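Reading through the C-alpha cells given below for one structure.
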Amino acid sequence: MKLYRAKDYYDMSRKAANIISAQVIMKPNCVLGLATGSTPVGIYKQLVEWYNKGDLDFSQVKTANLDEYKGLARDNDQSYYHFMHENLFRHVNIKEINTNIPDGTEPDAQKEAARYEEAIQNLGGIDLQLLGLGHNGHIGFNEPSDIFPKDTHIVDLQESTIEANKRFFKSIDEVPRQAYTMGIGTIMRAKKILLVVSGGDKADILQKAIKGPVTPRVPASILQLHPDVIIVADEAALSKF
Ligand code: GLP
C-alpha cells in the first residue's frame, strides 16, 4: 500500500485526480471504476477542469460504477446515475455507451447482479478503481458482515449507512433500504485501487482498515491484501496514524 498525505480536502482531490489523469493519459482506452459519495466530488471537479483546459480526453475511456440504489430511477436526483452525470459525465467527452452503472430499476436482483458482473468482465476488467470509505468500513456498499461477498450482489443497507446518507434525501424515509454493489471480489480484481479518505470522522475507521486485522467486519481491510493500492488521505483522516 502506498500512502499519500494530503493537506486538506482540496489537496486530496488534486492528488487523486492527478493519479486518475495519469491513468487516462497512459492508457486512453482504460477502464475506470468510479465511486460516488461526497468524497470524490472534488476529484471529478478537478478532472472536468483539466478536461476543459484540453489536458484530458475521455473519448475512449470506459467506466464501471461501484454501486447504485435499488428502486431509484435514473432521473431520480439521488440515483448514482444522476450523480455521475451531474458531477462528471455530462461535462466531458465520455460516450454514454462506455459508461456502466447497475440498473436500480431492475426488479430481478439476481439477474441484474449477474448482468453487471458480466458487463465488467466484458470490459476486460478494471484498470483503476476509485474507492471512498464508509464510516463503518464499507467499500461500495459492501457492509460489515461475516463474509467477503465475491461478486456484484444486492445488499440490505445498514442503519448507520442509511443514517449517513440521509443528508442527501428530503427525509430518512426516502433513503432506499437496498442497493446493488460490486462485490469485494469484483473490487479486488481491479488492477490498481485508489482509496480516497477525508475528514476527522474517518480517522478511526481508516486506521482500522489499514492497520487492523483483515476481517469482513471492516470490509475495506481486505485492501491490505491487494498488490497495488494507493491511499490518498488528508491530515484529518490520518490523525490516528
Ligand atoms: C456511500 C457509497 C460509497 C462511499 C461511502 C462514503 O454510501 N456507497 O461508495 O464511498 O458511502 O461516502 P462519503 O464519501 O460521502 O463519506
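Ligands are counted one by one from 1 in listed order, and the atoms in each one are counted from 1 as well. Computed from a predicted structure; not experimentally measured.
An N or O contact shorter than 3.5 Å links Asn165 to ligand 1 by distance.
At a cut-off of 3.5 Å, with distance as the only test, a side-chain donor of His85 or Glu96 sits close to an acceptor on the other residue.
Looking only at heavy atoms of the protein, atom 4 (C) of ligand 1 is closest to Thr36 O, 4.0 Å. The protein heavy atom nearest to atom 3 (C) of ligand 1 is Gly140 O, 3.5 Å. For atom 12 (O) of ligand 1, the closest heavy atom belonging to the protein is Gly37 CA, 4.0 Å. Protein heavy atom in closest approach to atom 16 (O) of ligand 1: Lys202 NZ, 2.7 Å. Residue, atom and distance of the protein heavy atom nearest to atom 8 (N) of ligand 1 are Asp67 OD2, 2.8 Å. The protein atom (non-hydrogen) at minimum distance from atom 5 (C) of ligand 1 is His138 NE2, 3.4 Å.
With ring centers used as reference points, Phe83 lies 6.0 Å or more from Phe168.
Taking every heavy atom of Leu133 and a limit of under 4.0 angstrom, the matching atoms of ligand 1 come to 6 (C), 10 (O). Those atoms of ligand 1 that come under 4.0 Å of a heavy atom in Gly132, given as number and element, are 10 (O). Contact atoms of ligand 1 toward Thr39: 13 (P), 14 (O), 16 (O) (distance under 4.0 Å to a heavy atom of the residue).
Contacts between Ser38 and ligand 1 below 4.0 angstrom, taking non-hydrogen atoms only, involve backbone and side chain alike. Residue contacts with ligand 1, taken as heavy atom pairs separated by less than 4.0 Å, involve Arg167 solely via side-chain atoms from C-beta onward. Counting heavy atoms under 4.0 Å from ligand 1, residue Tyr69 does not touch it at all.
Each of Glu143, Arg177, His135 was compared with Thr161 under the side chain to side chain donor-acceptor pair (under 3.5 Å) criterion, and only Glu143 meets it. Looking at Ile101, Asn98, Leu130, Ile94 one by one, the single match for side chain to side chain contact (heavy atoms under 4.5 Å, CB included) with Thr63 turns out to be Ile94.
Counting only heavy atoms from C-beta outward, the side chains of Leu34 and Leu88 approach each other to under 4.5 Å. Asp146 has its side chain out of reach of Pro216: every pair of non-hydrogen atoms, C-beta onward, lies at least 4.5 Å apart.
With respect to the salt-bridge test (charged N to carboxylate O, under 4.0 angstrom), the residues Glu118 and Arg115 do not qualify. With salt bridges taken as basic N to acidic carboxylate O contacts below 4.0 Å, none links Lys45 and Glu49.
Using a 30° and 60° split on the angle between ring planes, Tyr69 and Tyr80 fall in the tilted class, from 30° to 60°.
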